[in-house]
Structure formats: C-alpha cells, structure tokens
2 protein chains.
Amino acid sequence: MVTDRDQVLRAAASLLVRNHGASMTEVAEAAGISRATLHRVVPNRDALLDQLLWLGLGETVAALTTAEPETGEPLAALHRVILALTPVAELFRFVTTQPLDETTPEFQVGYHALDERLTALFRRGQASGAFRSDLPATWMVDALASLLFAAALAARAGRLPGNDNPRAVIDLLVGGVTRGETE
Amino acid sequence: MVTDRDQVLRAAASLLVRNHGASMTEVAEAAGISRATLHRVVPNRDALLDQLLWLGLGETVAALTTAEPETGEPLAALHRVILALTPVAELFRFVTTQPLDETTPEFQVGYHALDERLTALFRRGQASGAFRSDLPATWMVDALASLLFAAALAARAGRLPGNDNPRAVIDLLVGGVTRGETE
DNA sequence: CATTACTGAGACGCTGCTGTCTCAACCGTG
DNA sequence: CACGGTTGAGACAGCAGCGTCTCAGTAATG
C-alpha cells in the first residue's frame, strides 16, 4: 500500500482552507495517514503550504481552461466557468486566501494571470452589454469566488444538495451580474 | 490613558476573522497595545474568542434589529438588512465561522435565532413572490453572509470604494434573488 | 520462505507561544 | 509634590506542536 500523495494534498487543502491553523497531526488525520507519513510526503509545513498553492493554482487554471472563458457569449462562458470551477472551489479558495506577499514571484505571476482571465470575462460581458457595468468587474470576480466557496461549504454541511451546487451559484451570480437592480 | 476594551475586541475580531491563527502578540499589535495589556483585557485566548463570539452575535443582532427584517416589503427589508449588516460584516463573519460544536448551548440558541430571522426574511420574500423560490432560503442566507464579508475584504483591500460596499452587495444579491435565470 | 518497501507509533530535542509576574516609566489627580 | 493607576518590556516556566528518528509490524513480491 503506497500513500496516494495527491489524495493527501487534496485532503490537506480541504482542511486548511477551512481551518488554516490545523496542526500537522490534524492534517494527517484528515488525509487518513499518520503524522510520520505526512512528513514523508512533505518535508515540513512550509513545503506543504507551498505545494498546496501550486496544486490549487494548477487545478484552477486547468479547470478554467477547459471552460474556455475567452470564447463564445459571455453569459454562456460564465456558466461554463462556474461549472468547471465548482469541483475545485476549495483549492481555488485556498489559492485566493493565501497572503500574496508570502508567495514567490512566480506564483504571483500565475495568480495574477488567473485573476486577469476571470476579470476579463466579466469585462467582456460588460463591453458586450450582457453584464451590468455599474459594478466593478473585479468585484464580480470576488463575488464569484466567494459564492463558489460558500456553495462548497453549504454542500459539505448538507445545506445544499451536491447536485445543486453549480446551479445555486449560477442562478445567484448570473441574476446579479446580468440585471440592474429593481427598485 | 485607559485601554478601550471595546476597540481592542473589535480589532481582535477583525484580525482573527481573516487570520484565525494569529498569535496573541499579533492580536495585541493589531489592537495597538502590548501583549501584557491584552492579557489584562482578557485572561486568555479562550476567553478572548468567547467574548468575540458574544460581541459579534450581539452586534449583528442589534444591527439586524434596527433593520426590522420582519416588517414591510421583503425587498425593501433586504436592502435595509444589507445596509445594517455592512458595518458589522467582519463580526458577523466571525460568528458564522466558529465551529458551533465548540460553543455553549446559550450561544447556539442565539446563533440559530439570528440565522432563523434571516432565513425567515428570504422565505417571506419567496412566499410573497418577490424572491425566487427555486433556490433554498438557507442558501440565500449563506450567499448574503458570504457577499457581505467579500465586500468587506474588497473594501479593506481597496478593491471597492468604501461607499460602494453596501451597493455592491445589494446589487448582486438582489439581482440574484429576485430573478429567474436568463437563458 | 526471505526480502523489500511502507507504515504507524512513539520517543526526543527544539521552538514558539502562552500565561504569569515584576518593575520602571508615565500620566493624571489632589 | 506624592500617590495611584496604567502600561510596556521583558523574564520565566510550561506546553503544544514541530521535525527527526528508530523500530516493529504489515503487505507485496520473487
């Protein structure tokens, strides 16, 4: 039996995004291994966090890329993006909640590129008239990220059926970004 | 010069909601006092967390009460609620992110009452037809809490002008909860 | 069967944080 | 001025968590 490194990292990310102060013992438990084995997977906590950042960035970028945010109608693209990012919501959140000034310049480059692709999607929608222009595109990105994570937590807590996860985010966000407020 | 206990607690909450693992030294720094003085304000970390929970719950409930969610049109009530909760978004978030099973039964009673009042507002809106019924009211509460905090973070980071804070949440959430999705 | 690889348990030394405490400095008041 | 209250700095002991390491047990393979 060989430890599934990928599964360990994912379990670690899932725990740490909700409880950043979890001890290595708690991380190991969440991953179903002993602390000694966790230390065989990663040399220390710093290395673990670093690897999680790159895993999170890689996975999020890959998911976003499959959604092709740069092509087609902005609204349809947003749908695809939400669908694609939903399974990686926790990893995405992990990436967006690490203090950037504690990361390497390379990571920051990757992070900003990701952020820019999402922002560009909302800007494209604004330019085309499909999305409202009275709210900053950057705020829409924040809202997207926030709602994705909230949906992940709600699903984890059983407050949203798992199948409704993307639906919930799509319905709320799309309604919010496509409409002017009704008074 | 006497330490402003209330200000210390607020600064502590603000830091701890973003970095739950911050040390007592970091909390003291955020509050502008020494660690020794922090220990004069609260006997230990557990007591600090406990007091923050009650401060957060108290402030959130008070803010919500001024908004009168139970009266008037649901949409107007939601506006008032967002306006009222915006200044206490961090405290509200602190309350909603503490593991409930680590709190006292009294606190849980207060927390559930708060949650129920918000849920009831969305349910009232659904019953009246003002809000969509295809998403759970509990999810709308989650989304509200999430967006309030996201807006607070964005404002803190300078990504939203402070004055636009409630606007951003109102616009997004109201659009999301009042509309069926456009396809 | 023997061998190899992997794992968990636990011991160990070190470090950072915690709570406790003392003391000097400072401020406000009578 | 003297006094009382408050504060920050820093020392100290204790502890949890960390990283390191050993060893026995287990599983897989030839």
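Because the structure is a prediction, the values reported are computed rather than measured. Protein chains get the first letters and strands the later ones, always in sequence-line order, with residue 1 at the start of each.
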*Would you please name every residue forming a side-chain contact (heavy atoms from CB on, under 4.5 Å) with Gln98(B), sequence neighbours left out?*
His20(B), Leu53(B), Phe94(B)
*Could you check which residues of residues 9-18 of chain B get a heavy atom under 4.0 Å from DNA chain D? Sort them by number, please.*
none
*asked:* Without decimals, in angstroms, what is the distance between Glu29(A) CD and dG17(D) P?
replied: 11 Å
*Should we say atom CD of Glu73(A) is surrounded by more than 12 heavy atoms from elsewhere, each under 6.0 Å from it?*
no
_Tell me whether the rings of Phe122(B) and Phe131(B) are parallel (<30°), tilted (30 to 60°) or perpendicular (>60°)._
tilted
*Does Glu90(A) come within less than 4.0 Å of Arg10(A), counting only side-chain N to carboxylate O?*
no
*Separation of Arg40(B) atom CZ from dC21(C) atom P, in whole Å?*
12 Å
*Heavy-atom count around Glu70(B) CD within 6.0 Å, excluding the residue itself: above 12?*
yes
_My understanding is that only residues two or more places apart in sequence, or in another chain, count here; which of them pass salt bridge (Lys or Arg N to Asp or Glu O under 4.0 Å) with Asp46(B)?_
none
*Out of dC6(C), dC21(C), dC21(D), which nucleotide sits closest to the side chain of Val2(A)?*
dC6(C)
*So, does Arg124(B) use its side chain to make a donor-acceptor pair with the main chain of Thr119(B) at under 3.5 Å?*
no
*Take atom CG of Leu38(B) and atom C1' of dA9(D), then tell me their distance rounded to the nearest Å.*
15 Å
*asked:* Quick check for you: to the nearest 0.5 Å, what is the distance between Leu15(A) atom CG and Glu26(A) atom CD?
replied: 6.5 Å
_If the condition is side-chain contact (heavy atoms from CB on, under 4.5 Å), which residues does Ala145(A) pass it with, not counting sequence neighbours?_
Phe92(A)
_From Asp50(A) atom CG to Thr104(A) atom OG1, the distance as rounded to the nearest 0.5 Å_ = 6.5 Å
*Ala36(A) or Gly21(A): which one's nearest nucleotide on DNA chain D is closer to the 5' end?*
Gly21(A)
Check: protein-nucleotides 17-19 of chain C nitrogen or oxygen pairs below 3.5 Å:
unit_1, atom_1, unit_2, atom_2, d
dT18(C), OP1, Met24(B), N, 3.0
dT18(C), OP1, Arg45(B), NH1, 3.3
dT18(C), OP2, Met24(B), N, 3.0
dG19(C), OP1, Arg45(B), N, 2.9
dG19(C), OP2, His39(B), NE2, 3.3
dG19(C), N7, Arg35(B), NH1, 2.8
dG19(C), O6, Arg35(B), NH2, 3.1

*Is the side chain of Arg123(A) donor-acceptor paired with the backbone N or O of Ala137(A) at a distance under 3.5 Å, no angle test?*
no
*Specify the separation, in whole Å, of atom CZ of Arg5(B) and atom P of dT6(D).*
13 Å
Please enumerate all protein N or O atoms sitting under 3.5 Å from an N or O of nucleotides 2-5 of chain C, with distances to 0.1 Å.
none

*Minimum-distance nucleotide to Thr3(A) side chain [options: dC6(C), dT22(C), dC21(D)]*: dC6(C)
